[in-house]
Amino acid sequence: MSMVFAPCLTETAAPTTHAEPAWSPYDNNGGTCVAIAGEDYCVIAADTRMSTGFSILTRNYSKIHQITEKSVLASSGFQADIRALQKNLDARHQIYQHQHNKQMSCPAMAQLLSNTLYYKRFFPYYAFNVLGGLDNEGRGCVYSYDAVGSYERSGYSSQGTGMQLIMPVLDNQLKSASPLVLPLQKSTTPLSEFEAVDLVKDTFASAAERDIYTGDAVEIVIINREGVRRELMDLKRD
Amino acid sequence: MLDLRLLEPCSLQSSLAACADPQVLGAAPPTFKLPAVADLDGFQKAAVQMVKPAKGTTTLAFVFKHGVIVAADSRASMGNYISSQTVKKILEINRYLLGTMAGGAADCQFWQRNLGTRCRLHELANKRRISVAGASKLLANTLYSYRGMGLSMGTMIAGWDESGPGLYYVDSEGGRVEGKCFSVGSGSTYAYGVLDTGFRFDMTVDEAVELARRAIYHATFRDGASGGVASVYYVGPQGFKKMSGDDVGELHYKYYPVPEATVEAEMEDVTTS
């Protein structure tokens with residue numbers, strides 16, 4: 001009696017309805033970034049957890065990068081793309097310094113970052129950036145970006161996986177008159193530097209409760225006329 | 001063994017450079033690398049999802065006797081999330097040319113800044129200002145060359161040149177249309193209703209500004225993706241001027257004030273003897 005291999009009925013009866021996921025050049029390493037601008041200071045903060053899927057890759061990875069004396073970039077998203085972006089900006093800043101014999105101002109760096117992101121419009125940097133620093137008058141400035149370079153200067157911003165948890169709290173505490181309203185009204189926050197750092201710590205502690213990708217520790221960088229200083233606060237590690 | 005040949009970038013540089021004059025600095029369009037994935041369309045769709053352009057918006061512009069009025073809201077949304085209430089959707093290309101933003105915020109910002117550069121180069125090369133028709137044509141031709149690549153822009157170029165007021169609608173499909181009245185965005189239908197009802201060609205500037213402000217307000221009232229601040233600009237022979245910027249929440253109570261509640265007279269207790 002010859003054995004005929006009969007095709008398995010279950011396979012043909014229930015064909016798979018979804019395509020196999022193709023290789024993707026991107027991954028999301030999670031994390032949240034926040035920046036607050038004040039009269040003469042700027043606070044930039046980011047958590048230090050780096051994840052992939054449901055795993056934690058490391059608990060102390062810095063998402064903050066100081067590009068110039070007066071600008072600090074915090075980015076969440078795909079850290080490999082972010083590393084490449086930081087190196088690109090560093091190189092461009094070095095060239096600028098050689099050509100102009102001075103450091104780039106924060107508003108100039110803001111536009112450079114926007115153009116750098118847009119030049120990869122059809123293969124974007126998976127990076128959600130917040131640029132913080134002091135402008136030419138010494139006032140704090142915060143610029144927030146989308147993945148392809150659209151940017152806007154504001155008084156405060158947050159990006160990343162915890163953005164939707166933190167932004168309403170910042171709106172509640174810091175929201176001021178829109179810069180688009182006529183007659184123009186002052187829109188910098190009246191908070192002092194100490195109060196702003198406290199607010200940042202509180203928001204990260206809350207975000208770590210409800211966002212799985214935010215936690216471990218928050219690195220806070222403060223720029224003011226004296227210079228740049230760092231603080232590190234522990235967060236829940238679960 | 002992983003096949004890494006797919007990671008070699010295949011660039012669009014040669015074909016893009018061919019359609020521009022490379023000798024004029026800044027006029028050659030920027031070159032863009034493409035990812036070497038098998039399914040480019042699918043990849044672009046996924047990338048667009050990641051970028052999540054701000055589609056919800058209301059912008060409008062119309063020509064009347066004294067010039068052009070341009071107005072817009074200021075909300076940017078990424079899906080359900082309001083990513084900003086303070087977006088500048090009216091971009092100042094130069095002192096007498098304005099552009100509006102609808103669709104992809106980055107696309108609008110980048111290409112309108114690029115347009116400003118090329119308008120300045122035109123002035124330097126020809127010793128006269130570029131016309132609104134010329135500026136809108138520059139932008140439309142650039143967008144046409146990127147047709148099908150996933151750019152998302154629905155912009156109006158408004159300005160004043162030697163032939164008077166000019167208004168063009170230019171979009172990322174490569175379309176360019178001249179007109180006297182346009183509204184673009186998810187709230188455009190609401191704005192058209194108010195605009196078409198109240199429009200008269202011989203309005204004064206103040207009446208035209210008020211009409212535009214009301215149209216934006218009504219659009220933000222009914223469209224969830226529009227909101228923030230209603231900005232109104234006027235473009236006349238001396239260039240543009242920002243006429244007003246009002247929070248739409250405050251405009252609501254200005255147009256529809258809550259009437260004072262009438263206080264009922266209290267009934268006195270009557271003591272029964």
Side-chain angles (χ1 to χ4, degrees), chain A residues 19-28 77-78 81 110-111 113-129 142-159 161 163-168 171 175-185 187, chain B residues 2 6-7 9 12 30-40 42-44 46-48 50-54 72-74 76 78 80-90 101 104-111 113-114 146 149-151 228-232 242-247 250:
Chain A
E20 284 286 330
W23 176 83
S24 163
Y26 297 118
D27 185 18
N28 186 356
F78 180 38
D81 267 357
Q111 187 159 312
L113 175 54
S114 170
N115 283 332
T116 307
L117 291 169
Y118 199 84
Y119 277 125
K120 287 207 7 111
R121 170 67 174 76
F122 300 118
F123 188 4
Y125 286 109
Y126 191 160
F128 296 96
N129 304 291
V142 165
Y143 295 89
S144 53
Y145 296 78
D146 71 0
V148 278
S150 127
Y151 76 114
E152 192 202 347
R153 178 171 177 175
S154 46
Y156 58 93
S157 177
S158 74
Q159 288 281 8
T161 50
M163 164 176 79
Q164 299 194 23
L165 295 166
I166 292 183
M167 206 54 173
D171 283 333
K175 193 171 161 112
S176 54
S178 167
L180 299 173
V181 164
L182 266 190
L184 194 58
Q185 290 167 35
S187 54
Chain B
L2 289 172
L6 278 178
L7 291 174
L12 203 54
T31 51
F32 296 92
K33 290 196 171 71
L34 287 179
V37 286
D39 173 25
L40 188 63
F43 181 86
Q44 293 296 347
V48 163
M50 175 179 80
V51 169
K52 282 188 194 145
D73 74 317
S74 69
M78 283 185 357
N80 296 336
Y81 181 72
I82 296 174
S83 49
S84 174
Q85 289 270 63
T86 53
V87 178
K88 267 196 85 159
K89 293 191 189 178
I90 299 179
M101 179 199 291
D107 294 334
C108 291
Q109 276 186 6
F110 182 88
W111 289 112
R113 195 188 307 137
N114 177 269
Y146 288 101
M149 306 276 308
L151 294 186
V229 166
S231 303
V232 184
K242 181 162 180 177
M243 301 302 283
S244 75
D246 300 286
D247 184 283
E250 283 166 33

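Residue numbers start from 1 in every chain, and the chains themselves are labelled A, B, ... in the order their sequence lines are given, proteins ahead of strands.
Proximity of B/Tyr81 to A/Met163: side-chain heavy atoms (C-beta onward) are separated by under 4.5 Å at one or more points. Looking at A/Leu117 and B/Phe110, their side chains never come closer than 4.5 Å, going by heavy atoms from C-beta outward. Here the side chains of A/Tyr119 and B/Thr31 are not in contact, with every heavy-atom distance at 4.5 Å or above. The shortest distance between side-chain heavy atoms of A/Asn115 and B/Arg113 falls below 4.5 Å. Residues A/Met167 and B/Ile82 fail the side-chain proximity criterion, which asks for heavy atoms closer than 4.5 Å. Contact annotation: the side chain of A/Pro179 approaches that of B/Thr86 to within less than 4.5 Å [non-hydrogen atoms, C-beta and beyond]. Residues B/Gln85 and A/Asp171 fail the side-chain proximity criterion, which asks for heavy atoms closer than 4.5 Å.
When heavy atoms are compared at a cutoff of 4.5 Å, A/Glu152 approaches chain B solely by way of its side chain, counted from C-beta outward. Contacts between A/Pro183 and chain B at a heavy-atom distance below 4.5 Å are absent for every atom of the residue. With a 4.5 Å cut-off on non-hydrogen atoms, A/Tyr151 touches chain B through its backbone and its side chain both.
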Where do B/Gln109 and A/Ser114 land on the side chain to side chain donor-acceptor pair (under 3.5 Å) test, with the steps shown first?
CA-CA 9 Å; B/Gln109 276 186 6; A/Ser114 170; 4.7 Å; no
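Rounding to the nearest 0.5 Å places CZ of A/Phe122 at 4.5 Å from CG of B/Leu151. With values rounded to the nearest 0.5 angstrom, B/Leu34 atom CG is found 11.5 Å from A/Arg121 atom CZ. Rounding to the nearest 0.5 Å gives a distance of 8.0 Å between CG of A/Asp146 and OG of B/Ser83.
Heavy-atom minimum distance, A/Ser150 versus B/Ala105: OG-CB, 3.4 Å.
Within the 3.5 Å criterion, the main-chain N or O of A/Leu180 finds no donor-acceptor partner in the side chain of B/Lys88.
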